[in-house]
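Worksheet: the structure to be examined is printed underneath.
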Amino acid sequence: MAQVIDGKAFAARVRGQVAEHVAGLKARGIVPGLAVVLVGEDPASNVYVTAKGKQTVEVGMASFEHRLPADTPEAELLALIDRLNADAAVHGILVQLPLPGHMDAAKVINALDPAKDVDGFHILNVGLLGTGQKAMVPCTPLGCLMMLRDHHGSLSGLNAVVLGRSNIVGKPMAQLLLAESCTVTVAHSRTKDLEEVCRRADILVAAVGRPEMVKGDWIKPGATVIDVGINRIERDGKMRLVGDVDFALASSVAGAITPVPGGVGPMTIACLLANTLTACCRANGLAEPEGLTP
Ligand code: GUN
């Protein structure tokens with residue numbers, strides 16, 4: 001049976017490290033601040049934004065929440081971003097996605113000061129990551145990388161397959177694994193012989209948003225499986241949260257696996273806090289916290 005990688009415990013450790021650094025900064029009169037902007041009332045987004053604000057305060061940082069109505073004109077959101085960019089108390093800015101249909105998400109994200117872009121979605125950060133330069137790195141792939149490094153030590157030379165090609169997870173995950181000297185394959189719904197491609201992976205990161213798509217015989221015996229999926233399905237008359245990997249089948253083949261819930265999910269907000277701390281240290285010309293950046 002696979003070792004189950006406990007993302008919940010890992011995230012608690014990361015938050016502890018962040019809190020310790022924040023306490024050190026406070027002793028020097030510096031309080032890291034994170035601004036989260038939510039436009040509209042998407043229920044899932046509302047849950048995330050509330051959790052982010054709560055955890056930000058718990059690690060000792062300042063939390064600034066901006067909730068705007070769904071019909072807010074784009075110009076008004078851009079004006080708010082300008083104010084947050086100029087606000088010295090704000091070190092990180094996160095605009096919760098998806099944005100309402102009348103807004104151009106790329107335009108909004110690229111209006112952020114790249115140094116405050118704690119999601120790592122700004123085109124400059126995407127380019128910095130892709131060229132191996134110091135960037136703000138998207139939170140979910142960063143969390144996956146932390147767990148992989150913790151489990152393996154060196155990832156050099158391993159075959160990594162990233163299943164999914166989104167800008168938020170798949171693409172940045174592939175860049176991070178390349179930087180770790182993995183041999184990286186990005187697979188997706190149109191990949192030929194998908195199962196066989198996955199079976200070559202020493203590390204399989206599943207981020208496609210298809211409930212329990214990856215079965216036991218897609219996995220190389222002993223491989224490490226990171227399941228990024230968060231899918232709500234109905235089973236036996238109850239709503240359940242499942243990943244992109246069939247956990248029951250996969251865990252009898254894999255060497256290590258992240259569960260859903262309790263795997264990658266909790267790491268994402270922990271990494272958002274880590275990124276905010278990193279942004280604050282950079283803004284103040286201080287050494288970056290060790291172990292919390294790629
Ligand atoms: N919506 C879903 N995931 C994310 C994320 O990582 N960041 C932001 N800003 N919005 C999201």
Side-chain angles (χ1 to χ4, degrees), residues 7 11 14 34-56 63-68 70 72 74 77-78 80-81 84-85 90-101 103-126 129 135-147 162 164-176 205-210 226-232 241 243-244 260-261 263-276 278-279 294:
V14 171
L34 173 64
V36 175
V37 181
L38 173 61
V39 186
E41 273 122 43
D42 179 67
S45 291
N46 189 37
V47 170
Y48 289 133
V49 166
T50 302
K52 284 168 189 170
K54 182 165 167 278
Q55 293 189 30
T56 302
S63 169
F64 308 97
E65 235 175 63
H66 296 268
R67 291 173 186 259
L68 308 178
T72 301
E74 187 184 78
L77 175 60
L78 293 171
L80 170 62
I81 290 174
L84 296 173
N85 283 343
V90 173
H91 302 95
I93 308 169
L94 180 147
V95 179
Q96 184 67 32
L97 302 178
L99 286 169
M103 290 190 179
D104 177 348
K107 185 175 172 192
V108 169
I109 297 302
N110 291 328
L112 295 169
D113 175 348
K116 297 189 177 188
D117 167 36
V118 284
D119 259 329
F121 294 165
H122 189 288
I123 193 69
L124 180 74
N125 284 313
V126 175
L129 176 62
M136 294 302 306
V137 175
C139 305
T140 300
L142 178 58
C144 295
L145 180 69
M146 283 184 189
M147 292 192 285
V162 179
R165 53 177 156 175
S166 71
N167 292 332
I168 295 186
V169 183
K171 287 179 200 164
M173 188 76 245
Q175 297 288 6
L176 286 169
V205 180
V208 274
R210 296 197 174 268
I226 305 289
D227 190 352
V228 181
I230 299 179
N231 309 291
R232 258 165 255 278
L241 222 50
D244 293 346
V260 177
V264 174
M267 286 297 285
T268 296
I269 298 183
C271 287
L272 172 67
L273 303 175
N275 277 349
T276 304
T278 300

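Treat the numbers as computed from the prediction; the structure is a model and nothing was measured. Atoms within each ligand, like the ligands themselves, are counted from 1 in listed order.
Using a non-hydrogen distance threshold of 4.0 Å, Tyr48 does not register as a contact of ligand 1.
In this structure, Met267 CE and Ile226 CD1 are separated by 9.5 Å, a value rounded to the nearest 0.5 Å. With rounding to the nearest 0.5 angstrom, the CD1 atom of Ile81 is 12.0 Å from the NZ atom of Lys116. In this structure, CZ on Phe121 lies 8.5 Å from CG on Asn167, to the nearest 0.5 angstrom. Distance CG/Asn275 to CG/Asp117: 9.0 Å, rounded to 0.5 Å. One finds the OG atom of Ser45 at 7.5 Å from the NZ atom of Lys52 (value rounded to the nearest 0.5 Å).
Between Lys52 and ligand 1, not a single N/O pair is under 3.5 Å apart. For a threshold of 3.5 Å applied to N or O pairs, the pair formed by Leu97 and ligand 1 contains at least one separation below that value. Between Val95 and ligand 1, at least one N/O pair is under 3.5 Å apart.
Listed by number with element, the atoms of ligand 1 under 4.0 angstrom from any heavy atom of Leu94 are 9 (N). Within the listing of ligand 1, atoms 1 (N), 9 (N), 10 (N), 11 (C) sit less than 4.0 angstrom from a heavy atom of Gln96.
Using a 4.5 Å cut-off on side-chain heavy atoms (C-beta onward), Cys139 and Asp119 make contact.
Counting protein heavy atoms only, atom 6 (O) of ligand 1 is closest to Asp119 OD1, 3.8 Å.
The protein does not reach atom 3 (N) of ligand 1 closely, with no heavy atom under 4.0 angstrom from it.
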